[in-house]
Protein chains: 2
Amino acid sequence: MADVKPIGKALFLREEELRRGIELMFFAYRDFTGEADSILAEQNMGRAHHRAIYFIGRNPGITVSDLLAILCITKQSLSRVLSGLMEDSYVVQKPGASDRRQRLLYLTATGTALESRLTSLQGRRFAAAYREAGVDAVDGFQRVLRGLLDSDTIEQIAQQDQTSDI
Amino acid sequence: MADVKPIGKALFLREEELRRGIELMFFAYRDFTGEADSILAEQNMGRAHHRAIYFIGRNPGITVSDLLAILCITKQSLSRVLSGLMEDSYVVQKPGASDRRQRLLYLTATGTALESRLTSLQGRRFAAAYREAGVDAVDGFQRVLRGLLDSDTIEQIAQQDQTSDI
DNA sequence: CTATATTGGTCAACATGGCTGACGTAAAAC
DNA sequence: GTTTTACGTCAGCCATGTTGACCAATATAG
């Protein structure tokens with residue numbers, strides 16, 4: 001097998017490298033979400049609830065349509081989740097001050113508690129990975145992940161960063 | 001706001017950094033799988049079919065239990081998916097030579113065609129991201145992703161690499 | 001050779017979380 | 001005053017995960 005053409009060898013290595021990325025992405029995402037999933041299961045919630053709680057916590061007072069734009073799901077799907085979260089008092093809604101059709105979403109104390117529990121769990125996993133890998137690796141990690149995004153998503157994230165009340 | 005304590009500022013930045021990672025992971029995974037999902041939807045398949053096809057293509061002749069170990073789902077869930085794939089002639093099974101209880105899984109020509117279509121789609125996305133980000137970034141990316149894995153997953157991947165017939 | 005363990009499949013029932021389509025209501029905007 | 005927008009809701013469908021029970025073929029250990 002030593003007589004493989006260099007070009008073939010290069011292509012093979014390239015495909016291996018790409019497959020490694022694909023697989024790593026699959027396993028990492030699964031393990032990354034796994035821990036939070038078990039906590040959520042205890043409260044009879046799923047990943048969809050987590051996402052809603054996370055982004056409401058991150059953007060207090062967000063409107064339903066803005067949340068829809070972030071999550072990219074149908075309003076029926078989100079509505080089902082939000083109804084559950086409000087019934088169990090993780091989330092409350094207030095009418096918008098300027099536009100009273102809007103229902104601005106906020107976490108309750110319970111909601112905030114759950115959100116920070118979940119986020120600190122996932123954050124610890126990231127912190128450990130970052131620590132092991134080193135600062136330069138973190139930069140590369142984020143650059144590659146950004147490169148995987150759709151262009152719409154990139155714009156969306158950029159806008160969010162602008163309007164966020166940091 | 002210039003009188004924030006340095007320690008508070010550092011913690012804030014740290015949390016921001018961790019949240020950035022969490023969010024990037026969510027968006028990147030969604031966009032990364034999105035394209036393949038649409039192709040799969042055309043063939044009335046979902047992500048579960050994709051995973052099965054991918055790992056059978058990657059490990060021709062894999063047993064059902066080994067595939068189960070990779071996917072970490074119940075055999076009932078996998079069985080449903082495999083039945084569909086065999087009915088539509090994407091996958092065939094042959095009895096194992098040494099252990100005839102085993103059913104070794106292989107892709108058909110149709111299956112291989114679909115697998116490579118999907119993989120090259122996702123591969124192109126990775127290739128573009130890798131190209132933009134640069135070689136060093138790729139290394140960092142993979143190091144951080146590996147750091148996010150559960151220890152069981154790490155062992156599993158290591159074993160796979162050993163036994164793979166490269 | 002027999003007992004047990006392993007590999008794999010199957011049926012039934014259920015939950016979650018996507019989706020579509022249709023319809024309603026309140027408020028803003030023109 | 002009409003139209004558009006923001007949001008909700010009802011009904012139903014599909015994919016994919018779950019548990020539990022049960023069965024068949026075969027390998028393996030005693």
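Letters A, B, ... are given to chains in the order of the sequence lines, protein chains preceding strands, and every chain is numbered from 1.
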Inset, instruction - Could you tell me whether A/Asp37 and A/Arg30 make a salt bridge, using a distance below 4.0 angstrom between a side-chain N and a carboxylate O? - result: no
Legend entry - Spacing of A/Leu78 atom CG relative to C/dT20 atom C1', expressed in whole Å: 16 Å
Legend entry - Separation of C/dG17 P from A/Ile53 CD1 (nearest whole Å): 11 Å
Inset, instruction - Respond yes when some side-chain nitrogen or oxygen of A/Ser79 is under 4.0 Å from OP1 or OP2 of D/dC7, and no when none is. - result: no
Legend entry - Rounded interatomic separation in angstrom, taking CD from A/Gln102 and C1' from D/dG8: 15 Å
Legend entry - Separation of C/dA15 P from A/Leu40 CG (nearest whole Å): 18 Å
Legend entry - Distance-only donor-acceptor test (3.5 Å): side chain A/Arg80, base C/dG18: yes
Inset, instruction - Using whole Å, report how far CG of A/Asp99 lies from C1' of D/dT4. - result: 12 Å
Inset, instruction - Report which part of the nucleic acid A/His49 touches: base, sugar-phosphate, or nothing (heavy-atom distance under 4.0 Å, all strands). - result: sugar-phosphate
Legend entry - Any A/Thr74 side-chain N or O less than 4.0 Å from OP1/OP2 of C/dG18: no
Inset, instruction - Classify the side chain of B/Gln76 and the base of D/dG20 as holding, or not holding, a donor-acceptor pair under 3.5 Å. - result: yes
Inset, instruction - Answer yes or no: is there an ion pair linking A/Glu132 with B/Arg143, defined by an N-O contact shorter than 4.0 Å? - result: no
Legend entry - Aromatic ring pairing A/Phe141/A/Tyr130, orientation class (parallel under 30°, perpendicular over 60°, tilted between): perpendicular
Legend entry - Polar pair under 3.5 Å, donor/acceptor by atom type, side chain B/Arg100, base D/dT26: no
Legend entry - Electrostatic pair B/Glu23:B/Arg19 at N-O distance under 4.0 angstrom: no
Inset, instruction - Look at the side-chain N and O atoms of B/Ser77 and state whether any lies under 4.0 Å from the OP1 or OP2 oxygen of D/dT18. - result: yes
Legend entry - Nearest-Å distance for atom pair CG/P, residues B/Leu85 and C/dG9: 12 Å
Inset, instruction - Mark yes or no for a side-chain to base donor-acceptor pair under 3.5 Å between B/Gln93 and C/dG8, with no hydrogen or angle criteria applied. - result: no
Legend entry - Pairing of A/Arg146 and B/Asp31 as salt bridge, 4.0 angstrom limit: no
Inset, instruction - Report yes or no: is there a donor-acceptor pair, N or O only, under 3.5 Å between the side chain of B/Arg101 and the base of C/dT7? - result: no
Legend entry - Sugar-phosphate, base or nothing in reach of B/Ser65, heavy atoms under 4.0 Å: sugar-phosphate
Legend entry - Residue closer to the 5' end of DNA chain C, A/Lys75 versus A/Ala97 (nearest nucleotide): A/Lys75
Inset, instruction - Figure out the NE2/P separation between A/His50 and C/dT16, and round it to whole Å. - result: 17 Å
Inset, instruction - Could you tell me the separation between the CG atom of A/Leu71 and the P atom of C/dC19, rounded to a whole number of Å? - result: 10 Å
